[in-house]
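Accompanying notes for the structure given below.
Proteins get letters first, then strands, A, B, ... in listed order; numbering begins at 1 in each.
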Number of protein chains: 2
Amino acid sequence: MTAKDARARALAALAGLLADETRAACLLALLDQRAWTAGELARHAGVAASTLSEHLDKLVAGGLLAEERQGRHRYVRLAGAEVAQLVEDLAARIAPEAVHRPRTLREAGAASAMARGRTCYDHLAGRLGIVVTDALAARGLLRQDTGFALTDAGLAWFDALGIGLDRRSRRPLARACLDWTERRPHLAGAAGAALCRHAFDAGWCVRIGSGRAVRVTAAGERALAELLGIEAAALR
Amino acid sequence: MTAKDARARALAALAGLLADETRAACLLALLDQRAWTAGELARHAGVAASTLSEHLDKLVAGGLLAEERQGRHRYVRLAGAEVAQLVEDLAARIAPEAVHRPRTLREAGAASAMARGRTCYDHLAGRLGIVVTDALAARGLLRQDTGFALTDAGLAWFDALGIGLDRRSRRPLARACLDWTERRPHLAGAAGAALCRHAFDAGWCVRIGSGRAVRVTAAGERALAELLGIEAAALR
DNA sequence: CCCGTGCTTCGGCCGTCGCCGAAGTGCGCC
DNA sequence: GGCGCACTTCGGCGACGGCCGAAGCACGGG
């Protein structure tokens, strides 16, 4: 009945949405920014379709997922960058010991590809994300020592590249996102998303398969070297 | 058995710690940065001492709380600023509709005092936090438009005030913390904590009662006006 | 037009978890 | 040294929630 109770109730309800292993697996899978069908998620999580249907109901009702019905398919994706950030933040906080050790060659290959470069919802992450972020900071385009913000030179750099940044949006331009594999922050926020989009549009990198892993192309290596002084060796 | 499963398990376990109303109420209460006894929390949450004892076991085991035994008392507090940030982040995300409407005069008074000024674990929040943050930004001491970072002038300002900032710590110097009541970011991180500590040490503000609410003193109004050009009217 | 497929609804099962009160432990105080 | 208080442990209860399979829709393709 007190103010605290209402807040506690709401907090517990929100956390409760994430507090189930199956739902957590769905949210983590959806971090790839794609829309999955209910069936795909059910197979991914290893539960019956009926079970997953109910989980999706809860996540949608809780505002974490957006859904789109197409024919007999139910497509579902994260409701937005804020939700992705929430999941990322929480996931980044789990103890490193809980991290999985690959057991097969195939797994090890996939894991190292993910560690080299991947997307983190809408921005670049993994080694690639860190290297780009550090290069931006080294060139005075990003202030990372006293917080996390683009400098005026940074704004000009984006402008010169023809990457438009919507500065009126409520979303912060630059935000630090803690990397799982590197345990260091990389560029997220509107600028991180715009840069990532540009990297794909300009052919700097391409997705490996259908997942979140990303590979830097030869053209990408040239562009990153020229624009940010990044050596190709740092990306491997 | 896959990597996703291990991550999902850990994520669900972490969220599960917050997914109970009683535990959530404890964590929210502990945001006042004080150490509470088990009995106080039990009374606060409205459950039996035995029930709360088990909740504390889980929160401590999960690393969210630190405990200290003194005689027959069990003092417990948040394990650190990161945990406070986690709880704050999650709490800030709950829909405004869930917020409580005060029903009595006493409640309304307490709520408005909290809205005017309070601490958010270790930094200033509420109207006070926003006004200070905006004033820092207006004077070019804090860059808020392209992210969230202190400027060189900002570093000099802290230095001139004799507020030491540990720049070697892993904790970010400046970080945005979203305010519940104002729905806008205010200064958190090492600089926010140092500024808050200084504000209390210098007598700029004092706690109202035993809670998180804070009142600006006459000396505080003078200091804020002189150092940051903040008008006293903005604080009311 | 009918069949197959993808999803949903329903009933029922089972495990987990929060809760309590009673009994037990340990500490401090008189 | 014994009483009282703060906390813990234990047993048991009840509720909730996740899970499944079966049956029921709804859409698209043949």
Side-chain angles (χ1 to χ4, degrees), chain A residues 1 4-5 7-30 34-62 64-77, chain B residues 1 4-5 7-30 34-62 64-77:
Chain A
M1 290 301 155
K4 277 159 223 140
D5 284 352
R7 293 183 52 78
R9 226 188 317 272
L11 177 55
L14 174 58
L17 288 175
L18 307 175
D20 175 81
E21 197 176 318
T22 300
R23 284 195 295 267
C26 292
L27 291 168
L28 288 171
L30 287 162
R34 281 175 38 232
W36 292 51
T37 68
E40 283 170 338
L41 284 171
R43 251 167 283 126
H44 172 79
V47 297
S50 57
T51 301
L52 204 111
S53 174
E54 290 165 2
H55 283 307
L56 292 186
D57 289 343
K58 292 184 187 181
L59 291 171
V60 169
L64 297 187
L65 297 189
E67 69 179 347
E68 197 173 336
R69 311 260 177 168
Q70 270 181 29
R72 37 183 193 189
H73 292 280
R74 180 190 201 176
Y75 284 99
V76 87
R77 56 188 165 73
Chain B
M1 289 301 155
K4 277 158 226 146
D5 282 353
R7 292 183 52 77
R9 227 188 315 274
L11 176 55
L14 174 58
L17 288 175
L18 307 175
D20 175 81
E21 197 177 318
T22 299
R23 285 195 295 269
C26 292
L27 292 168
L28 288 172
L30 288 162
R34 282 176 35 232
W36 292 52
T37 68
E40 284 170 336
L41 285 172
R43 250 166 286 127
H44 172 79
V47 296
S50 58
T51 301
L52 205 111
S53 175
E54 290 166 1
H55 283 307
L56 292 185
D57 287 344
K58 293 184 186 179
L59 291 171
V60 169
L64 298 188
L65 298 188
E67 68 178 348
E68 198 174 334
R69 311 257 176 171
Q70 270 181 28
R72 39 185 189 184
H73 292 280
R74 179 190 202 177
Y75 285 99
V76 85
R77 56 187 165 73

Smallest separation among heavy atoms of B:A8 and A:E21, with atom names: CB-O, 3.8 Å
Near-strand residues of residues 15-23 of chain A, defined as heavy-atom separation under 4.0 angstrom from DNA chain C: none
For atom OH of B:Y75 and atom C1' of C:dC27, their distance in whole Å: 13 Å
Inter-residue atom distance B:K58.NZ - B:D20.CG, 0.5 Å rounding: 7.5 Å
Atom pair distance, as rounded to whole Å: CG in A:L52 and P in C:dC7: 9 Å
Touch class at under 4.0 angstrom, heavy-atom based, for A:R43 against every strand present: nothing
Touch class at under 4.0 angstrom, heavy-atom based, for B:A49 against every strand present: base
Between CZ on residue A:R34 and OH on residue A:Y75, distance to nearest 0.5 Å: 10.0 Å
Interatomic distance, B:E40 CD vs D:dC7 P [rounded to whole Å]: 8 Å
A:H55 NE2 to C:dC7 P, straight-line distance once rounded to whole Å: 15 Å
B:R23 side chain to A:A12 backbone, donor-acceptor under 3.5 Å: no
Sugar-phosphate, base or nothing in reach of A:A38, heavy atoms under 4.0 Å: sugar-phosphate
For atom CG of B:L59 and atom P of D:dT8, their distance in whole Å: 13 Å
Nearest-angstrom distance from the residue atom CD of A:E54 to P of D:dC16: 16 Å
Range-with-range stems for DNA chain C, at least three Watson-Crick or G-U pairs under 3.5 Å: C:1-30 with D:1-30
Partner residues of A:E54 under the side-chain hydrogen bond (donor to acceptor under 3.5 Å, both in side chains) criterion, sequence neighbours left out: none
Might you list the N or O atoms of the protein lying below 3.5 Å from N or O atoms in nucleotides 12-14 of chain D, with each pair's distance?
none

Value in whole Å for how far the C1' atom of C:dC7 lies from CZ of A:R69: 8 Å
B:R72: partners by side-chain hydrogen bond (donor to acceptor under 3.5 Å, both in side chains), with sequence neighbours left out: none
side-chain N/O B:T51 vs C:dG18 OP1/OP2, d < 4.0 Å: no
Minimum-distance nucleotide (side-chain atoms of A:T37 versus D:dC20, C:dC7, C:dC17): C:dC7
Length of the line joining A:W36:CH2 and C:dC7:C1', which is rounded to integer Å: 18 Å
Where protein sits on nucleotides 22-30 of chain D, one letter per nucleotide: B base, S sugar-phosphate only, - none, heavy atoms under 4.0 Å: B----BS--
Side-chain N or O of B:K58 closer than 4.0 Å to phosphate OP1/OP2 of C:dG18: yes
Phosphate contact (D:dT8 OP1 or OP2) by B:R74 side-chain N/O below 4.0 Å: yes
Phosphate contact (D:dT8 OP1 or OP2) by B:S53 side-chain N/O below 4.0 Å: yes
